[in-house]
Amino acid sequence: MSIELPPLAEVLANSHVVRLPMRVKFRGITQREALLIKGPAGWGEFSAFVEYAPAEASRWLAAGIEAAYESFPEPLRATIPVNATLPAVAASEVGSVLEKYDAPHTIKIKVAEKGQSLQDDLARVAEARRLYPQAALRVDANMGWDIAQAVHALKALSDYDLQYAEQPVPGITGLAQVREQLRNAGITLKIAADEAVRKHTDPLEVSRLGAADLMVIKAQPLGGIAAVLDIAQQAELDVVISSALDTSVGLAQAAALASALPELPYACGLSTGTLFADDVCSEPLLATAGYLPVRRINPDSDKLKQLRPEQQRVDWWLRRVEQCYEQLANA
């Protein structure tokens, strides 16, 4: 990481574990756990998904430490345009989910959910288009298709005037093949890389291989603001900043990152705070009319107590910090 690691004992002593209830199931979970770190610059978040091993999760810890110990960059904009996020719900539930967002101008729709069909995806996208005819729609498959499935599905979904399709298949070469086959079929739908960037040892390979038209980048998985700004500068692709289902603390870091980018042509995926039934502060970081303010978040002490999980989970997260810290110290 770009900053000197603070002592492990100091990080652990200033760590607070929380569990946030969610309004709807998202990414297969109904509760989101996170560890918040209080530092001299403010608060940082470490919330790598529980299945991630220390080698991958350590980058998330680096981002949390950076936010807690380093000032955010000077913002180039005071608010960030953001998309609403529509989980893989039934078409009948689309309206009730999206009405929780304040005047969404861009909607990101989850597709390729395990156990669902393309018809479910088409119905969900069609209903979003019916309810919000002027909104920009984008779909995110989270690597849920193989190449043939992706090409077939995106040909059908492209009828709804999509802005882009995010990570339809695993890997970088798979993305390149899907993009090429769509172009050969006369479909100009843009392809966005997400997991192919944050899970790859070389995130810039997406750009070199021409596998995508833009990159979806998250602050935590890539190690923090400084690391992402460097990647964005070198990639020479349009960048969309997104959240990793962060609490308001993590969203504040992501918004600070988006505010520091020289150009921001697309709405960012930073309105996921709406998916939580509770958050770590009394005034969560939420969008107004599709725009998110850029500001630091200080959790409420009462919220930290109310949202603290059982001691077994607290101990698990503290051990995880130790494991990930060791990875960073030996890097």
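What you see is a predicted model; the values in this text were computed from it and never measured.
- A donor-acceptor contact shorter than 3.5 Å is absent between the side chain of R23 and the backbone of D278.
- In this view, D300 and C281, S282, K303 satisfy the side-chain contact (heavy atoms from CB on, under 4.5 Å) rule, not counting sequence neighbours.
- Side-chain atoms of D120 come within 3.5 Å of backbone N or O of S117 as a donor-acceptor pair.
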>> Before you tell me yes or no, could you show the steps for M215 and V240 under side-chain contact (heavy atoms from CB on, under 4.5 Å), namely the whole-Å CA-CA distance, both residues' side-chain angles and the distance that decides it to 0.1 Å?
In response: CA-CA 6 Å; M215 301 169 72; V240 176; over 6 Å; no
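- For residues 205-249, the set of pairs meeting the ring pair (Phe, Tyr, Trp, His ring centres under 6.0 Å) definition, not counting sequence neighbours, is empty.
- Under the 3.5 Å distance criterion, with hydrogens and angles disregarded, no donor-acceptor pair is assigned to the side chains of Q306 and D302.
- Taking hydrophobic clusters as Ile, Leu, Val, Met, Phe, Trp and Tyr residues chained together by side-chain heavy-atom distances below 4.5 Å, L76 does not share a cluster with I241.
- A continuous path of hydrophobic side-chain contacts links Y101 to V139 [ILVMFWY only; heavy atoms under 4.5 Å].
- Atom CG of residue L275 and atom CG of residue L20 lie 11.0 Å apart, to the nearest 0.5 angstrom.
- In the model, N14 has no side-chain atom that pairs as donor or acceptor with a side-chain atom of E10 under 3.5 Å.
- Not a single side-chain contact (heavy atoms from CB on, under 4.5 Å) links Q134 to another residue, sequence neighbours left out.
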> Given the rule in the side-chain contact (heavy atoms from CB on, under 4.5 Å) test, do K110 and K108 qualify, once you have shown the distances and angles that lead to the verdict?
Replying inline: CA-CA 7 Å; K110 293 291 184 177; K108 175 178 174 177; 4.1 Å; yes
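- Judged by distance alone, the side chain of R295 and the main-chain N or O of A256 form no donor-acceptor pair under 3.5 Å.
- The closest side-chain donor-acceptor pair between D140 and Q167, if any, does not fall under 3.5 angstrom.
- Remark: L209 engages I172, E205 in a side-chain contact (heavy atoms from CB on, under 4.5 Å) (not counting sequence neighbours).
- Rounding to the nearest 0.5 angstrom, the gap separating the OG1 atom in T247 from the CZ atom in R19 is 15.0 Å.
- The nearest pair of heavy atoms linking K38 to A68 is C-CB, 4.4 Å.
- Under a 3.5 Å cut-off, the side chain of D102 and the backbone N or O of T288 do not form any donor-acceptor pair.
- Qualifying salt bridge (charged side-chain N to carboxylate O under 4.0 Å, His left out) partners for E236, counting only residues two or more places apart in sequence or in other chains: none.
- Closest non-hydrogen pair, W145 versus Q149, comes out as CA-OE1, 3.5 Å.
- Scored by the salt bridge (charged side-chain N to carboxylate O under 4.0 Å, His left out) test, D121 finds R124 as partners (sequence neighbours excluded).
- S207 places a side-chain N or O within donor-acceptor distance of the main-chain N or O of A235, the cut-off being under 3.5 Å.
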Only distances under 3.5 Å count here; give the side-chain donor-acceptor pairs of residues 219-228 to other protein atoms, sequence neighbours excluded, each with its distance to 0.1 Å.
from: Q220; atom 1: OE1; to: S47; atom 2: N; distance (Å): 3.0
from: Q220; atom 1: NE2; to: S47; atom 2: OG; distance (Å): 2.8
from: Q220; atom 1: NE2; to: D246; atom 2: OD1; distance (Å): 3.1

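- Within the model, atoms SG of C268 and NZ of K218 stand 11.5 Å from one another, a figure rounded to the nearest 0.5 Å.
- Of the candidates I297, L36, V18, E45 forms a side chain to side chain contact (heavy atoms under 4.5 Å, CB included) with just one, namely L36.
- T272 and T85 share no donor-acceptor pair across their side chains, judged by distance under 3.5 Å alone.
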Only distances under 3.5 Å count here; give the side-chain donor-acceptor pairs of residues 89-100 to other protein atoms, sequence neighbours excluded, each with its distance to 0.1 Å.
from: S96; atom 1: OG; to: E93; atom 2: O; distance (Å): 2.9
from: K100; atom 1: NZ; to: S96; atom 2: O; distance (Å): 3.1

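- Judged by distance alone, the side chain of S15 and the main-chain N or O of I37 form no donor-acceptor pair under 3.5 Å.
- A211 approaches I191 most closely through the heavy-atom pair O-CG2, 4.2 Å.
- Aromatic ring centres of W43 and H16 lie closer together than 6.0 Å.
- For the residue pair Y132 and E127, no side-chain donor N or O sits within less than 3.5 Å of a side-chain acceptor on the partner.
- By the 6.0 Å and 45° rule, R32 stacks over the aromatic ring of F49.
- Considering CD of E322 and CH2 of W317, their distance stands at 14.0 Å, rounded to 0.5 Å.
- Partners of P75 by side-chain contact (heavy atoms from CB on, under 4.5 Å), not counting sequence neighbours, listed by chain and number: S259.
- Between the side chain of R320 and the main chain of A48, a donor-acceptor pair closer than 3.5 Å is present.
- Both the sub-6.0 Å distance and the 45° axial angle are satisfied by R296 relative to the ring of F72.
- Minimum heavy-atom separation, V24 to P87: CG2-CG, 3.6 Å.
- Distance check: E166 CD to N142 CG gives 7.0 Å after rounding to the nearest 0.5 Å.
- Side-chain N or O atoms of S58 include one that pairs as donor or acceptor with a backbone N or O of A55 at under 3.5 Å.
- With sequence neighbours left out, the salt bridge (charged side-chain N to carboxylate O under 4.0 Å, His left out) criterion links R313 to E33.
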Donor-acceptor pairs are to be reported for all side-chain atoms of residues 176-190 against protein atoms at under 3.5 Å, with residues two or more places apart or in another chain.
from: R179; atom 1: NE; to: D213; atom 2: OD1; distance (Å): 3.2
from: R179; atom 1: NE; to: D213; atom 2: OD2; distance (Å): 3.2
from: R179; atom 1: NH1; to: G210; atom 2: O; distance (Å): 3.3
from: R179; atom 1: NH2; to: D213; atom 2: OD1; distance (Å): 2.8
from: R183; atom 1: NH1; to: I187; atom 2: O; distance (Å): 3.2
from: R183; atom 1: NH1; to: L189; atom 2: O; distance (Å): 2.9
from: R183; atom 1: NH2; to: L189; atom 2: O; distance (Å): 3.3
from: R183; atom 1: NH2; to: D213; atom 2: OD2; distance (Å): 3.1
from: N184; atom 1: ND2; to: E180; atom 2: O; distance (Å): 3.4
from: K190; atom 1: NZ; to: Y266; atom 2: OH; distance (Å): 2.9

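- Under the 3.5 Å distance criterion, with hydrogens and angles disregarded, a donor-acceptor pair is assigned to the side chains of Y164 and R138.
- Once rounded to the nearest 0.5 Å, the distance linking CG of D279 with CG of L286 reads 7.5 Å.
- Y291 meets the side chain to side chain donor-acceptor pair (under 3.5 Å) test with no other residue; sequence neighbours excluded.
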